[in-house]
Amino acid sequence: MEDMADVIATDQGKRVMWEIMEMCGVAQKNMHIDPQAMARQEGLRSIGLDIQSWATAASPQHVMKMIQDNGEKIGLLQQEEIDEDEGDD
């Protein structure tokens with residue numbers, strides 16, 4: 001756990017972690033006609049989610065920073081921004 005906290009604390013570690021999560025399709029829904037392709041995609045996503053959970057357990061503040069820095073690229077922050085705007089009324 002300490003090693004992950006050390007890695008995710010660095011800018012380089014956050015960038016590498018983000019790339020891994022993108023490669024694994026963590027933020028994607030997997031719909032595929034071919035069941036083998038879908039199983040492969042879900043397997044990759046499962047590994048990515050496990051790594052994300054590990055990083056979050058080790059250093060939640062650094063994972064949040066990573067998402068804030070990169071989340072807009074894939075729409076992760078759009079709903080939060082909408083919710084915040086609605087709360088201002």
Side-chain angles (χ1 to χ4, degrees):
M1 193 81 64
E2 237 178 87
D3 290 340
M4 176 59 86
D6 290 344
V7 168
I8 198 79
T10 68
D11 289 341
Q12 296 90 342
K14 284 188 212 51
R15 285 193 298 270
V16 169
M17 184 66 62
W18 187 259
E19 288 296 321
I20 290 169
M21 292 192 322
E22 279 190 331
M23 285 188 290
C24 291
V26 168
Q28 297 175 353
K29 299 283 184 197
N30 292 318
M31 301 296 255
H32 207 284
I33 292 174
D34 180 7
Q36 288 180 332
M38 188 167 159
R40 181 184 182 281
Q41 289 173 338
E42 279 301 314
L44 285 170
R45 186 168 183 268
S46 178
I47 291 168
L49 290 170
D50 287 345
I51 293 169
Q52 182 181 21
S53 293
W54 178 25
T56 301
S59 185
Q61 69 276 13
H62 288 110
V63 173
M64 285 306 300
K65 174 75 170 128
M66 177 184 66
I67 292 170
Q68 289 169 348
D69 290 348
N70 297 286
E72 291 174 356
K73 294 177 189 175
I74 59 170
L76 286 176
L77 296 180
Q78 291 174 353
Q79 187 60 45
E80 288 179 15
E81 291 169 358
I82 291 168
D83 292 344
E84 287 175 8
D85 290 342
E86 289 175 356
D88 293 339
D89 294 336

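Computed from a prediction, not measured in an experiment: that's the story for all the values here.
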Inset, instruction - Of all the heavy-atom pairs spanning M21 and G48, show the shortest one and how long it is. - result: CG-O, 4.5 Å
Legend entry - Considering all heavy atoms, the nearest T10-V7 contact: OG1-O, 2.9 Å
Inset, instruction - To the nearest 0.5 angstrom, please state how far the CD1 atom of I51 sits from the CD1 atom of I8. - result: 10.5 Å
Legend entry - For W18 against N70, the heavy-atom pair lying closest together: CE2-CB, 3.1 Å
Inset, instruction - State plainly whether the residues R15 and D11 are in salt-bridge range, i.e. N to O under 4.0 Å. - result: no
Legend entry - Backbone N/O of C24 and side chain of R45: donor-acceptor pair under 3.5 Å: no
Inset, instruction - Grab the two heavy atoms, one from P60 and one from A58, that are nearest each other, plus how far apart they are. - result: CD-C, 4.0 Å
Legend entry - Same cluster (ILVMFWY, side-chain, under 4.5 Å), M66 and M1: yes
Inset, instruction - State yes or no: do L44 and L49 share one hydrophobic cluster built from I, L, V, M, F, W and Y residues joined by side-chain heavy-atom distances below 4.5 Å, directly or via other members? - result: no
Legend entry - Derivation of the side chain to side chain contact (heavy atoms under 4.5 Å, CB included) call for K14 and H62: CA-CA 8 Å; K14 284 188 212 51; H62 288 110; 3.8 Å; yes
Legend entry - Cluster link M38 to M23, ILVMFWY, side chain under 4.5 Å: no
Legend entry - Euclidean distance, D34 CG relative to Q41 CD, rounded to 0.5 Å: 9.0 Å
Inset, instruction - May I ask you to check whether over 12 heavy atoms, not counting those of Q61, lie within 6.0 Å of atom CD? - result: yes
